[in-house]
Amino acid sequence: MTTTPETGSSIPLRVLDHSELFKDEVYQKQFEGKAEFENGSESAEVSRVLEWTRGWEYREKNFAREALTVNPAKACQPLGAVLAGLGFQGTLPLVHGSQGCVAYFRSHFARHFKEPVPAASTSMTEDAAVFGGLNNLVEALENATSLYKPKMVAVSTTCMAEVIGEDLFAYIGAAKDKEVITADYPVPYAHTPSFVGSHITGYDSMLKGILENLAKSADATEPATGGKPRLNIIPGFETYTGNLREYRRVLELMGVDPLILGDHADSLDSPADGEYDLYPGGTPLAEAAKAKFSRATVLLQESATRKTTELIRDVWKQDTLVLETPIGVRGTDQFLTEIARLAGVEIPAELTVERGRLVDALTDSHAYLHGKRVAIAGDPDLVVALTRFVLELGMIPVHVLSTNADTTFKARMEKVLSASKFGEAATVWPEKDLWHLRSLVFTEPVDLLIGSTYLKYISREANVPLVRVGFPIFDRHHLHRFPIIGYTGGLHLLTQLVNTVLDELDRTSPDHSYDAVR
């Protein structure tokens, strides 16, 4: 048996990657034969149009479009809701919609984290779209709780459920009336229509729903006084498990008792120890129920926690502090200073040493990063923090783009850019997609791209190296395990940036400059 349709193929009897497989003569002939029925343009015309799309005339047409989005750098709301659920102990995310939707969410996270992702579906089909999905949700709750024994089920919706106006509050109430689940069983929910917002708004809605629900439970009692000061930490839509662990490490070093609300570090980065745990890690439900009694809450992604911030500030009447994600020296300085103030503690010498190491490393690498022009794309909170970091390095952000940014993004970016002379050349592009970014990179070239896996297509076409930061990262392994926040995370991020520049320097250097030392 061979790996190609024709037994006479020259391909040896071994499994080939598709990049090798499709070089075989059999597939090359099939590819050539497609032209007979595709009625495609001549290659010269294809080349002409391709080149035209890289110029200023096409850029103006591209930016004039209003009714079409091409390759947006975002995902849909229920994907974020699933991640919120995975951050709590024993919680099973349940998506009220079709099976295909939850399969997409699970595969998206599994490809990024390289981990199995527990999430269930109410399996709505055509009949539920017409008559409503009450029976689907009730049956799903019954099956999920009996088969998988979760401590909590976090319910979110998809397009289908939202278009027909499904009432989750009433449906969950019906499930309790039918005694499918007990009256006190926690089933937080969020309406997360995919046709508006993005994964960060879905995350926010689900996190708010979870905290609201748990704050009304029997465990929501004020803890005993004494001991270390407790602060709630809300990282937001955080796709670096290393960041979650770094927050905990740093705060414990400072003598703070951190209650991380939405801690999926172990859920999506569990060890292979011979035993499979369906619900590893997560913020303990009993502890999350007491969150409203903590000294204060620190939120580290403004755009991804707006509704949650309102709950804690306006309903719980708790002190809230919203900070930019602490990436780099200034961001981490601000984070630690505010934590020390809120908790009434000192910043330990160990963290001061870590700061010094990062500053030393920045000095070591500045010659290769200074003046490099960069384009940055991703979620708004990450883009703001990354831009501030590259400015610290003396790099020049030229294009700053976020598809799912809101009306506050431009002002936040202008505040960051105006603080450095290296920010003068930057243009800020909220609500633009990666096809817009392609036009920007070809008309105003840069030396480096920073963003998710999806920027690799621009990287290849424009011959510009890509530093993979953010979500999703499908085509590289283990980056999410290493922090990019704090002084230690800043060192990891600096290493990625400077070594990408050095790789490119080696790749393009003439023989007389192909040096062994950089």
Side-chain angles (χ1 to χ4, degrees), residues 72 74-88 91-97 101-102 104-105 108-109 119-122 133 137 152-173 186-216 232 234-239 260-264 282-283 285 288-289 291-292 297 299-316 320 322 379-381 402-409 471:
K74 67 173 185 176
C76 58
Q77 282 206 58
L79 180 137
V82 168
L83 187 67
L86 293 171
F88 290 84
T91 298
L92 179 68
L94 175 61
V95 182
H96 188 41
C101 290
V102 78
Y104 159 69
F105 308 141
H108 215 66
F109 285 129
S121 170
T122 59
L137 184 56
M152 180 169 76
V153 176
V155 182
S156 56
T157 54
T158 62
C159 295
M160 183 194 301
E162 288 297 320
V163 166
I164 63 175
E166 297 288 82
D167 186 343
L168 293 183
F169 175 79
Y171 287 8
I172 294 168
V187 188
Y189 65 90
H191 288 275
T192 52
S194 301
F195 43 79
V196 294
S198 72
H199 55 281
I200 62 173
T201 47
Y203 179 91
D204 189 17
S205 295
M206 191 73 253
L207 181 61
K208 177 189 175 186
I210 290 171
L211 296 180
E212 276 184 320
N213 186 286
L214 293 177
K216 298 174 183 176
N232 300 330
I234 299 184
F237 186 88
E238 178 56 75
T239 56
I260 298 178
L261 297 174
D263 185 0
H264 50 262
T283 305
L285 301 187
K292 63 182 179 182
T297 296
L299 303 104
L300 298 164
Q301 288 184 9
E302 179 182 337
S303 296
T305 56
R306 293 247 164 81
K307 294 179 180 179
T308 303
T309 301
E310 291 175 358
L311 168 71
I312 296 169
R313 182 191 62 221
D314 301 336
V315 179
W316 292 3
T320 58
V322 181
D379 288 342
D381 298 304
S402 181
T403 303
N404 52 343
D406 60 17
T407 55
T408 68
F409 178 69
F471 176 83

For this session: First locate atom OG1 of Thr305, then atom CG of Leu299, and finally report the distance between them rounded to the nearest 0.5 Å.
Result: 4.5 Å

Exercise. Can you list the residues that meet the salt bridge (charged side-chain N to carboxylate O under 4.0 Å, His left out) rule with Glu302, with sequence neighbours excluded?
Worked result: Arg306, Arg412

Problem set entry | Closest non-hydrogen atom pair between Leu214 and Ala288, with its separation | CD1-CB, 3.7 Å

Exercise. Does any non-hydrogen side-chain atom of Ile312 lie less than 4.5 Å from one of Ile234?
Worked result: yes

Seminar exercise, completed: For His264, the side chain to side chain donor-acceptor pair (under 3.5 Å) test, sequence neighbours excluded, returns none

Exercise. Are the side chain of His199 and the backbone N or O of Leu79 linked by a donor-acceptor pair below 3.5 Å?
Worked result: no

Problem set entry | Results of side chain to side chain contact (heavy atoms under 4.5 Å, CB included) for Ala190 - residues two or more places apart only | Thr192, Ser205, Met206

Problem set entry | From CG (Leu83) to OG1 (Thr239), nearest 0.5 Å | 8.0 Å

Exercise. Just how far is it from atom OH of Tyr203 to atom CG of Asp379, taken to the nearest 0.5 Å?
Worked result: 12.5 Å

Exercise. Is the side chain of Thr157 donor-acceptor paired with the backbone N or O of Gly97 at a distance under 3.5 Å, no angle test?
Worked result: no

Exercise. Is the closest side-chain heavy-atom distance between His96 and Tyr171 below 4.5 Å?
Worked result: yes

For this session: Kindly write out the residues that satisfy side chain to side chain contact (heavy atoms under 4.5 Å, CB included) with Lys292, not counting sequence neighbours, or none if the list is empty.
Result: Ala215, Ala220, Trp316

Exercise. By side chain to side chain donor-acceptor pair (under 3.5 Å), which residues pair with Tyr189, not counting sequence neighbours?
Worked result: none

Exercise. So do Cys76 and Tyr104 actually touch side chain to side chain, heavy atoms under 4.5 Å?
Worked result: yes

Exercise. Is the CZ atom of Phe195 crowded by more than 12 outside heavy atoms at less than 6.0 Å?
Worked result: yes

For this session: Quickly, which of Val322, Asn232, Leu211 forms a side-chain contact (heavy atoms from CB on, under 4.5 Å) with Thr297? Name it, please.
Result: Asn232

Problem set entry | Flag for Asp263-Thr283: side-chain donor and acceptor within less than 3.5 Å | no

Exercise. Say you draw a straight line from CD of Gln77 to NE2 of His191; how long is it, rounded to the nearest 0.5 Å?
Worked result: 11.5 Å

Exercise. Thr158 versus Val102: any side-chain heavy-atom pair under 4.5 Å?
Worked result: no

For this session: Kindly indicate whether the side chain of Ile210, heavy atoms from C-beta on, has any atom under 4.5 Å from the side chain of Met152.
Result: yes

Exercise. If we only count heavy atoms from C-beta on, is the Asn404 to Phe409 side-chain gap below 4.5 Å?
Worked result: no

For this session: Under the side chain to side chain donor-acceptor pair (under 3.5 Å) rule, collect the residues that match up with Thr201, sequence neighbours excluded.
Result: none

Exercise. Taking only residues two or more places apart in sequence, or in another chain, which ones meet Glu212 in a side chain to side chain donor-acceptor pair (under 3.5 Å)?
Worked result: none

Exercise. Does a side-chain heavy-atom distance below 4.5 Å link Thr122 with Leu94?
Worked result: yes

For this session: Check side chain to side chain contact (heavy atoms under 4.5 Å, CB included) between Val315 and all other residues, then give those that pass, not counting sequence neighbours.
Result: Leu311

For this session: Using the test side chain to side chain contact (heavy atoms under 4.5 Å, CB included), find all partners of Thr403 that sit at least two apart in sequence or belong to another chain.
Result: Pro72, Ala73, Lys74, Leu401, Asp433

Problem set entry | Shortest non-hydrogen separation from Ala119 to Val82 and the atoms involved | CB-CG1, 4.4 Å

For this session: Using ring-ring contact (aromatic ring centres under 6.0 Å, His included) as the criterion, list what pairs up with Phe471, not counting sequence neighbours.
Result: His108, Phe109, His112, Phe237

For this session: Find out whether Asp406 and Pro380 are in side-chain contact, i.e. whether some heavy atom of one side chain is under 4.5 Å from a heavy atom of the other.
Result: no

Problem set entry | Atom of Ala154, atom of Gly85 and distance for their closest heavy-atom approach | CB-CA, 4.3 Å

Problem set entry | Nearest heavy atoms of Phe88 and Leu261, plus distance in Å | CZ-C, 4.1 Å

